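Sequence positions, counted from 1, serve as the residue numbers for this chain. This structure is a prediction, so every number in the text was calculated from the model and none was measured.
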Amino acid sequence: ARRLRVLGAIEASAMEVEATSASSTGPVRCTPLGFRLATIPVAPRYAKILLQAAEASLELGADIATHACALVAALSVGNLTCWESFTDEFDDQGPRDGENELLRAQREASKLLREAQRKEAPPWSKLRDDAEGLLWLMGGYAFAARGGEESAEQFCQSNRVNPRQISEAHSLMQQLGSLLQRRLVLSGTLDFKLPLLPRPPSPQQALKLRECLVDGLVDRVAVASPDLGRFAYRCIDIGKDT
């Protein structure tokens, strides 16, 4: 309940405004924002990110909602990446009967390439933060999926991605995009088209997107606290959730 209060989804009822504090468990009522959040089939914190991104898109005149859908889908599904090496059904097999020298050389070259890819850190791990990494993954997979299952599978293998998880996140991203398009009519004022294909955001878009993330992840954003130590950070304390 405390998190919902912080998000602005609920508030103390009129009869209890003076008798209850923001941290109490007295009677509450749903706010207009709360009703809007309830219409989106994701956690309230993620729903607020989507709504804030939709409003920011209209104010900025540039699409941020697509990026928000990608991030919310990735965060909702989770575990998109896998640092463990992918196994290949042919890795441990020796020469095959009837295989000519050319095919054997091609198979060995493919095996060496896969081993090199496993040793190299994937591009998403070299970006500035998790948000940029998740956007890179969701956007890259969306474009790869346009080329078919084989292309999508190759993307997952090359970038150490869990195929099942990112496929689920991709589907959820499209569902969220369809929902925002229908209910917020974003397509009439912005270049918001389905299927969603997230592209790298501009610096201005990235800044607005981070503001939307902070609004939804308010209790999971840490700020530096030099008074506690040189490398100390602190998150907002909303108390134990009820």
Query raised in the report: Going through the distances and angles, do Leu179 and Leu50 end up as a side chain to side chain contact (heavy atoms under 4.5 Å, CB included)?
Result: CA-CA 11 Å; Leu179 186 149; Leu50 291 176; over 6 Å; no
Report task. Decide yes or no for Ile40 and Leu51: does some side-chain heavy atom of the first lie under 4.5 Å from some side-chain heavy atom of the second? Result -> yes
Query - Closest heavy-atom pair and its distance - Met138, Ala70 - result: CG-O, 3.7 Å
Query - Close side-chain approach of Thr81 and Trp124, heavy atoms under 4.5 Å - result: yes
Query raised in the report: So which heavy atom on Ala145 is nearest to which on Ala152, and how close?
Result: CA-CB, 4.1 Å
Report task. Please name the pair of heavy atoms, one in Leu7 and one in Leu33, separated by the smallest distance, quoted to 0.1 Å. Result -> O-CD2, 3.4 Å
Report summary line: Pro198 and Ala142 have their tightest heavy-atom pair at CD-CB, 4.0 Å
Report task. May I ask you to test the Ile49-Leu71 pair for a side-chain heavy-atom distance under 4.5 Å? Result -> no
Report task. Could you tell me the separation between the CD atom of Gln165 and the SG atom of Cys156, rounded to the nearest 0.5 Å? Result -> 11.0 Å
Query raised in the report: For Glu211 and Ile64, what are the C-alpha separation, side-chain angles and deciding distance, and is it a side chain to side chain contact (heavy atoms under 4.5 Å, CB included)?
Result: CA-CA 11 Å; Glu211 292 176 1; Ile64 300 175; over 6 Å; no
Query raised in the report: Closest approach of Pro123 and Asn159, non-hydrogen atoms and distance?
Result: CD-OD1, 3.4 Å
**Report entry** Spacing of CG belonging to Asn162 relative to OG belonging to Ser167, to within rounding of 0.5 Å
**Finding:** 11.5 Å
Report summary line: dist Met173:CE -> His67:NE2 (nearest 0.5 Å) comes out at 10.5 Å
Query raised in the report: With hydrophobic residues grouped by side-chain heavy-atom distances under 4.5 Å, do Leu207 and Leu58 end up in a single group?
Result: no
Query raised in the report: Sub-3.5 Å donor-acceptor pair from the side chain of Thr31 to the main-chain atoms of Ala9, do we have one?
Result: yes
Query - Contact summary for Ala144 and Ser151, nearest pair of heavy atoms - result: O-OG, 3.0 Å
Query raised in the report: Rounded to the nearest 0.5 Å, how far does CG of Leu197 lie from OG1 of Thr66?
Result: 8.5 Å
Query raised in the report: Any chance CD of Glu149 has more than 12 other-residue heavy atoms, nucleotides or ligands included, within less than 6.0 Å?
Result: no
Query raised in the report: Considering residues, nucleotides and ligands other than Arg199, do more than 12 of their heavy atoms fall under 6.0 Å from its CZ?
Result: no
Query raised in the report: Is the closest side-chain heavy-atom distance between Ile166 and Val77 below 4.5 Å?
Result: no
Requested in this report: State whether the side chain of Gln174 and the backbone N or O of Leu194 hold a donor-acceptor pair below 3.5 Å, judged by distance alone.
Outcome: no
**Report entry** Close side-chain approach of Leu4 to Leu37, heavy-atom, < 4.5 Å
**Finding:** no
**Report entry** Between CD on residue Gln154 and CD on residue Glu150, distance to nearest 0.5 Å
**Finding:** 8.0 Å
Report summary line: d(Leu127 CG, Ser125 OG) to nearest 0.5 Å is 8.0 Å
Query raised in the report: Side chains of Leu75 and Arg45: closer than 4.5 Å at any heavy-atom pair?
Result: no
Requested in this report: Could you tell me whether Glu55 and Lys208 make a salt bridge, using a distance below 4.0 angstrom between a side-chain N and a carboxylate O?
Outcome: no
Query raised in the report: Going through the distances and angles, do Arg5 and Val28 end up as a side chain to side chain contact (heavy atoms under 4.5 Å, CB included)?
Result: CA-CA 9 Å; Arg5 290 177 186 271; Val28 297; 3.0 Å; yes
